[in-house]
Amino acid sequence: MKYKEYKGLNYAEIADNVLDKWKKEEIFEKSISTREGKPAFTFYEGPPSANGTPGIHHVMARAVKDIFCRYKTLKGFQVKRKGGWDTHGLPVELQVEKELGITKEDIGKKISVEEYNEKCRETVMKFKDQWDDLTEKMGYWVDLDDPYVTFEKEYIETLWSILKELYDKGFLYKGYTIQPYSPAAGTGLSSHELNQPGTYRDVKDTTVTAQFKKKGSENEYFLAWTTTPWTLAANTALAIGEKITYIKVETFNAYTFDKSFVILAKDRLASYFNPKDTDAKIEDYNAGDKVIPYRIVEEFQGKDLVGQEYEQLLPYIAPDGPAFKVIPGDYVSTEDGTGIVHISPTFGADDYRVAKQAGIGAIMVKDADGKDAPIVDKRGRYVKEISDFAGIFVKNEYYADGEAPDKSLDVQIAIKLKEENKAFKVEKYEHSYPHCWRTDKPVLYYPLDSWFIKTTAVKDELVALNKTINWKPASTGTGRFGNWLENLVDWNLSRSRFWGTPLPIWVSEDKTEQKCIGSIEELRSEVSKSVEAGFMKSELSDDFDLHRPYVDDVVLVSDSGQQMLREKDLIDVWFDSGAMPYAQWHYPFENKEIFEANYPADFIAEGVDQTRGWFFTLHAISVMLNKKVAFKNVIANGLVLDKNGNKMSKRLGNAVNPFETLEKYGPDATRWYMISNANPWDNLKFNIEGVAEVQRRFFGTLHNTYSFFALYANLDSFDFSNSEIAINQRTESDRWILSKLNTLISKVDQAYEDYEPTKAARLIQDFTIDDLSNWYVRLNRKRFWRGEYNEDKKSAYQTLYTCLMTIAKLSSPVAPFYMDNLYADLNSVTGLEKYESIHLTDFPTSDSSMIDEDLEARMSLAQNISSLVHSLRKKHMIKVRQPLSKILLPVLNKSFKEHVTAVEELIKSEVNIKNIEFVDDDSVILVKNVKPNFRKLGQEYGPKMKAIAAKINQLTDEDIATLEIKNNLELTLDGDSVTLTLEDVEISYQDIPGWSVATEGKLTVALDITLDDDLRKEGIARDLVNRVQNLRKDMGLEVQDKINIRIERNDDLVNSALESNKEYICSETQALSLNILESVADGSELEMDEYKLKVKIEA
RNA sequence: GGGCUUAUAGCUCAGCUGGUUAGAGCGCUACACUGAUAAUGUAGAGGUCCGAGGUUCGAGUCCCCGUAAGCCCA
């Protein structure tokens, strides 16, 4: 049996073959079944929506997921991963609307809800095939055969059971929220409707800076600006920025000329007062003067204003709670207005939020049904309680053509405020304001009924439990997510749409009775009661669809015998996905054991954009139901941008097609690039050239190393059948690479354990390229291709085999196809392992007894010395092929000599020198250089350090000698004396006069560049070997083919070089004979540096 | 407007608890090496470490204020 040798290499083809094998041999299934009975590692799949095509960013997100599931499998866990599909919600509905060319209003009219939802059900799985294809091709292992689907009856039933549990716990309530509302159309507008082009238009409104009189003061006012004066009657608070600086200004009212003190943000002073007026004297002011003087009399921070009270501006209606206080508002700025914001909780979402946080009530009236209502009715008119303006539309645009009054409500209010000394400034102001896209009339922000989940009730638990979650990166957990939890508001669950999970709440006609249904069984029995009561004609059918419109037709009967209708709302789709830990198993109706064994999740990963989406809903539902986290570790990955850092979009044409990339570069290089290039949580600038580079550099090098191994292992029939050679029998370099390898294992293991895949990939890559390929293999080449199949050679094979095998295993989570292939290539010959796939093996364990830090230090020394010698050779244009007699190394310390001696042979062969000589410390020929040890001196002397450092740089050779011998030296500076010890300085050897010297850090190397005839001859011989090897290659000879060499006589030096190195030349070139002849007529002319040789080679 | 992230060579990224000459790979230039060869080595060019201020003997690193880009939310 031979190791497979590759001619060309097609990574995509390898992946295809491996994929076939996985399918045929059911490797994925086995990776789970062979771990039966082992501890579970639970992963939750965040369900994608298949109504769009997958992009390259999905490859990234899923690679991250896949890596840790594969890693944990190798670590002996059983990792079940159920796939899933997110199927409800607005994106699907919008797509269907677009495809059908209809709008929301047409649903139920032009098309029945039934047909519409049927269309949604089809559309949502439109690209499932492409998704499945991508999943397979990129090597993402997830169970696609039995996924959870959020529109399925069982899934919805679990959702209902959860909703009921929340309902029973009192977490579900109906309240209102401020939403964009079109009085003209009589409907709320969704955020996407507001995002349509043309919605925002510039309009000119009458704006008022109102004076809110500070409670208990004579004439002191808070100034607040509004572009919607009609909301002033609903004012219940003033918001300030806690970090903003405010001032109190003494001045006069421009309309009443009354003296007043007004409070506003310091930064806004210039907008309200003309700096030219600053010279005017308050005392000189007369009512009616054009120039109004002002004077700053006090300054304070916003936080000092919090809690101060003021008098109601327009006292038509009493507030329904505490009101008329200064409260903090996180969104208050000094961009415009006064830096004090008027708050009307019924007409602004921010207003509502900050008022609620501060415990401030609203101005409400009772409507016809006796329910709380705002001071503007649903058609946009002031209610009757606003006696002066009852029935007036708040915007002139709401009147029918020609009926609008000359003075809009805003103007009328402005006049009233001016007259009552409540307006500081009234002016027209142009700004952009949203309009209803159907009626073209301005939108109001208006309180509308919604169902809420009272997440604020469990805020403390949400915050506390979040701190137990391991977030990658941590800042997303503490910052983005943590801060947000701190400012949590209740979860608005209602959606007025058609395709989604219906809210299972039925309400009686008089609104006093409610039922929340928690299962199909319960619904069935309630329907039975309803049939009995005569509200329903028939029992619930077995194949009843829980979606609209069917569920809307279900009429129930209340305990007191009233008819009950379902609340029309659907629930937020994020509830669907957030409930997947339970609903994917149809818990609690089925699979109790499976659920319990797989909750909470050990690991989840999604894009950072899911922070307030899936991450939150998972967390919230879990905490509310079980007071537990839903996941213990989470990676929030960043975006995939194009190579210039722009967002990818199909419209701009810069989106990368994942299928083309996988096709061209194969999944392994694609995944490796994505993981190794940047941390998953940083945005990835996807550059296809980077994938090519990874392929060339990492996979190319690894493959070359394998090919090298395979070539010679095949020649020697190495199959690892001999027992493993003891570590102490192996060479220095074998032990070195194995030491490095075991260090690598533990570091990579730790990196995966810490959810740091980038770190893991980079460690593996550096080891493979630098340590294994560029050092170990390069240095040990000859052991593989020269000499008999002895213990040393076996040791080399075994060492390299172990390295390759270990790299394959360590890398397999990231590059699952290629590494499985490599595993098979290696293992099929040796048969050391019984597994069918690398993904069924165990993760390598680091053997700390193999780690020899001393050895690693020695080798590092050898590398540095070699590098310095190379640079010296370069400097003098002496090629490595030309042997040189010796190098000199100044001895740095005791262990230095031992270390170098241990790796002496390596250095000598690497840089082609005959001897290494050491120069002792006290030798006179060394020129010493001394540098301050800043770290030590800084700690010791602090501020004096600079002066001391300057002194040290001026030390003479005698001073250094004194310091070295006595280990102390007195320095005087500014009268003080300081005693230096050897620890305070770093001594290095700068130069050796008469030698060619190179220095790096403390290490210094001197190279003897004199050549004698013997060295020259050897150089010539080596040159010849090189040329002959090239000729052999040109002739297409195999490594083991024998040749005969004839050479035409040349000058004496050359002839004698050939004669004296004949044996060497022959063994290197597999030559049976080397003959120097007077003439070789048919020979080829070989150009050497100083000679030309005529040579003929015969096989 | 708020929260969070990022900013270091032409490009992609390292840079640990502050230590004085800021690194790697790719790319570019030159030279060398070559039984792994679509590799490899050495050297060179290339940096106001986004900007301003502060702390410190010393700041890419710590603090503060900005700028730009991105994401989420208003």
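Letters A, B, ... mirror the listed sequences (proteins, then strands); counts begin at 1.
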Is the A:F481 ring parallel, tilted or perpendicular to the A:W471 ring (thresholds 30°, 60°)? tilted

Describe, in one word, how the ring planes of A:Y181 and A:Y446 are oriented to each other, choosing from parallel (under 30°), tilted (30 to 60°) and perpendicular (over 60°). parallel

Does the [X] side chain pair with the main chain of [Y], one donor and one acceptor, at a distance under 3.5 Å?
{"X": "A:N714", "Y": "A:Y3", "answer": "yes"}
{"X": "A:R697", "Y": "A:Q765", "answer": "no"}
{"X": "A:N683", "Y": "A:G638", "answer": "no"}
{"X": "A:Q695", "Y": "A:Y665", "answer": "yes"}
{"X": "A:D825", "Y": "A:K4", "answer": "no"}
{"X": "A:T758", "Y": "A:A678", "answer": "yes"}

Quick one: the dot-bracket string of RNA chain B, using Watson-Crick and G-U wobble pairs with both distances under 3.5 Å, [ ] for crossing pairs and | for bases paired to another strand. (((((((..((((.....[...)))).(((((.......))))).....((.((..]....)).))))))))).

The answer to which of A:D350 and A:N683 contacts RNA chain B further toward the 5' end, by nearest nucleotide, is A:N683

Tell me which of A:I769 and A:V1028 sits closer to the 5' end of RNA chain B, going by the nucleotide each one is nearest to. A:V1028

Between [M] and [N] - [atom1] atom distance, rounded Å:
{"N": "B:rC31", "M": "B:rU5", "atom1": "C1'", "value": "45 Å"}
{"N": "B:rU42", "M": "B:rC62", "atom1": "C1'", "value": "39 Å"}
{"N": "B:rC33", "M": "B:rC13", "atom1": "C1'", "value": "29 Å"}
{"N": "B:rG19", "M": "B:rG41", "atom1": "P", "value": "29 Å"}

Taking the side chain of [X] as its heavy atoms from C-beta onward, which of [options] lies nearest to it?
{"X": "A:N774", "options": "B:rA36, B:rU40, B:rC13", "answer": "B:rU40"}
{"X": "A:S475", "options": "B:rA39, B:rC4, B:rG19", "answer": "B:rC4"}
{"X": "A:V608", "options": "B:rG41, B:rA14, B:rC71", "answer": "B:rC71"}
{"X": "A:D682", "options": "B:rC71, B:rA14, B:rU12", "answer": "B:rA14"}
{"X": "A:N704", "options": "B:rA36, B:rC13, B:rU40", "answer": "B:rA36"}

For A:H703, the option from A:Y6, A:F709, A:F698 that meets ring pair (Phe, Tyr, Trp, His ring centres under 6.0 Å): A:Y6

Within the 4.0 Å heavy-atom criterion, would you say A:S773 contacts the bases, only the backbone, or no part of the nucleic acid? base

Have a look at A:R762 and say if it touches a base, only the backbone sugar-phosphate, or nothing, with a 4.0 Å heavy-atom cut-off. sugar-phosphate

In numerical order, the residues of residues 687-701 of chain A whose heavy atoms come under 4.0 Å of RNA chain B are A:E693, A:R696, A:R697

